[in-house]
Amino acid sequence: MTGLRLGPLLRHVDWDTGTAATVWVETGRPCTAEVRCEQGGGGSSRTFTVAGHHYALVTVTGLTPGSSTAYEVFLDGERVWPLADSPHPPSTIRTPEVAADSVRVTFGSCRWAARPARGRDPVGPDALDTLAAKLASAPEEERPDVLLLLGDQVYADEVSEATSARLSAGRDREVPPGSGVADYEEYTWLYDESWRDPDVRWLLSTVPSCMIFDDHDVIDDWNTSTAWLTEMRATPWWRDRILSALMSYWVYQHLGNLSPAELAADPLYKAVRSAPDGTQALRQFAEAADRDASVARWSYRRDFGRTRLLMIDTRAARVLDEQNRSMLDADEAAWLREQALEGHGSYDHLLLGTSLPWLLPPLIHDAETWNAALCRGERGAWWARFGEKVRRHADLEHWSAFPSSFEELTRLIIEVGSGPDAPATVCVLSGDVHHAYVAEPERPGDPAAGPGAAGAVAAPDARVLQLTCSPVHNSVPKAVRIGFRFGWSRAGRRLGRLFARHGRTGEPVVRWGRGGGPWFGNQLMTLTLRGRRASLRLDRAGAEGADGRGRLATVFDRPLTDGS
């Protein structure tokens, strides 16, 4: 029997024509994977092999725009999905109307997937599980058009009890990398654990998803600094870890981000599919990408009618030289600018998906720019060494820790959001920081704006927002919660300016205030865009009920625009 090991995952749904989609599966052996739709349409693909595992990304065609159709998955002609004993409704593919002008985007990050072996979950109900249960119990309820998973889909360095036991059975955990995963096979265990969760498996089979990695998909603080990377490369285990991370990310997450046309034009996808075993081709690609970030572009663009999404790689594309430190290398920065400005006026909303927030609590922003100044030698060698220690201990590595990149992104956002053809909103969607909040640049005349920033940019016509939502399923210590709250306060702002003066960093190019939050707990944000109108909702997974399941409770629901 040919088994369905993992999936199906509904990934790309074509918004240009409403007639095509892609479905990803992992199978138990080589076979032909086929998707058959109840109302017509379907597709098939032969599996490809990587490191003894077998995968297919099936392009489904012949769909009807503006429809919803149940689908089944067959392997070598045998039906394997839906599962015979599934309590969930049929998996469906929903397609948009041609020229649809509305989209509902649900997003979050940081999902530690493993449930406890026994007893209650110490970090509370999983927000994806609770969303899945809600949608499964009310199939006709409005559901997201797309799910954005903004990093830390798996935790390669913080594994569950069950995965830890498997690691111990196969190797000596006293030898580095110890309790973290070491190779491709062990990475597959993480995806099994995350995506075999019955509720999440059904959710991902019926709601299209876009993904991007963050550090824990590889290792905590991945690509923090040149010193960090030098230390990692000197260890005997790092090379297998990073190559396995990039290979598994390409297979499990990145491929599904691409459209059928992009897949057809991808030389690596062609090489891996045409080889009896694609392991070597993929490993060579990973080796090249690790040496030179310009080899791979993990960032990508998706258009949902008149909403444009640019998902930005803020990990692998970094320039770490302290004197030329940048979140994005030159090629990546040029790509982002080109994609944001192309067809300016042809979209009503621009979404920038970046795992790391652009706007942080002001104290934390100033602390990160101060730290960056110390590390590049602004205060001398002793302070530079001190700054590197603080950077790693406190995870000071967001956009503000790359000051030139922060300013470049800010100026691009203001440029895109200005003029008669400006979109109604420019929203930066982020996670990472294990809480949620809304931040907004302050316009001249705002009571809280204070003195003008040096070299400040003009206020845009679009409404510009930082929307941060994390975690989906994780926690944050109480002391850190207090720190995040203090970071928004007047006292926190004043302390931040002391850091800035010591680091000689000057005023930021823009000032901002808090429009909501901070909120803590396992949560998801949903952005609803209709024409030039936008609204935002935050749902938090509440305490488990008598049936052992969590419940989603809305804690924030507000319009963002008055557009028609």
In short, His88 meets Ala136 closest at the heavy-atom pair CD2-CB, 3.9 Å
Which atom names give the shortest non-hydrogen contact between Ala156 and Arg241, and what distance separates them?
O-NH2, 3.8 Å
From [atom1] ([X]) to [atom2] ([Y]), nearest 0.5 Å:
| X | Y | atom1 | atom2 | answer |
| --- | --- | --- | --- | --- |
| Ser179 | Leu167 | OG | CG | 8.0 Å |
| Leu263 | Arg273 | CG | CZ | 8.5 Å |
| Ser355 | Asp313 | OG | CG | 8.0 Å |
| Thr27 | Arg5 | OG1 | CZ | 9.5 Å |
| Asp101 | Thr307 | CG | OG1 | 8.5 Å |
| His398 | Met327 | NE2 | CE | 8.0 Å |

Is there a side-chain contact between [X] and [Y], using heavy atoms and a 4.5 Å cut-off?
| X | Y | result |
| --- | --- | --- |
| Asn257 | Met211 | yes |
| Leu147 | Cys210 | no |
| Val438 | Met525 | yes |
| Val159 | Trp112 | no |
| Asp197 | Asp129 | yes |
| Trp237 | Met232 | yes |
| Ser430 | Thr354 | yes |
| Leu336 | Ile312 | yes |

Any side-chain to backbone donor/acceptor pair from [X] onto [Y]? Under 3.5 Å, distance only.
| X | Y | answer |
| --- | --- | --- |
| Asp539 | Val555 | no |
| Asp292 | Ala289 | no |
| Thr130 | Ala127 | yes |
| Ser470 | Gly431 | no |
| Thr19 | Leu63 | no |
| Gln39 | Ser68 | yes |
| Ser137 | Lys134 | yes |
| Ser205 | Trp202 | yes |
| Arg308 | Gln339 | yes |
| Thr49 | Gly52 | no |

Identify whether the distance between the nearest side-chain nitrogen and carboxylate oxygen of [X] and [Y] falls below 4.0 Å.
| X | Y | value |
| --- | --- | --- |
| Glu72 | Arg79 | yes |
| Asp76 | Arg29 | yes |
| Glu186 | Arg171 | yes |
| Arg301 | Asp303 | yes |
| Glu142 | Arg530 | yes |
| Glu287 | Arg239 | yes |
| Asp240 | Arg283 | yes |

If the plane angle is over 60° it's perpendicular, under 30° parallel, otherwise tilted; pick one for Phe213 and Trp222.
perpendicular
Salt bridge (charged side-chain N to carboxylate O under 4.0 Å, His left out) between Arg318 and Asp329: does it pass, once the steps are laid out?
CA-CA 6 Å; Arg318 294 179 175 187; Asp329 64 26; over 6 Å; no
May I have the step-by-step check of salt bridge (charged side-chain N to carboxylate O under 4.0 Å, His left out) for Arg532 and Asp348, ending in yes or no?
CA-CA 6 Å; Arg532 293 183 64 83; Asp348 293 323; 3.3 Å; yes
So, for Tyr252 and Trp24, is the gap between ring centers shorter than 6.0 Å?
yes
Is the gap between the ring centers of His435 and Trp519 under 6.0 Å?
no
side-chain contact (heavy atoms from CB on, under 4.5 Å) between Thr425 and Leu465: does it pass, once the steps are laid out?
CA-CA 8 Å; Thr425 67; Leu465 294 158; 5.5 Å; no
Could you tell me which residues satisfy ring pair (Phe, Tyr, Trp, His ring centres under 6.0 Å) with Phe48, sequence neighbours excluded, listed by chain and number?
Tyr55
Taking it one step at a time, do Arg111 and Asp152 satisfy salt bridge (charged side-chain N to carboxylate O under 4.0 Å, His left out)?
CA-CA 6 Å; Arg111 180 173 179 259; Asp152 296 343; over 6 Å; no
State whether Phe556 and Arg537 meet the cation-pi test: NZ (Lys) or CZ (Arg) under 6.0 Å from the six-membered ring centroid, and within 45° of the perpendicular axis.
no
Please walk me through it: do His53 and Glu26 pass side-chain hydrogen bond (donor to acceptor under 3.5 Å, both in side chains)?
CA-CA 7 Å; His53 291 257; Glu26 181 179 355; 2.7 Å; yes
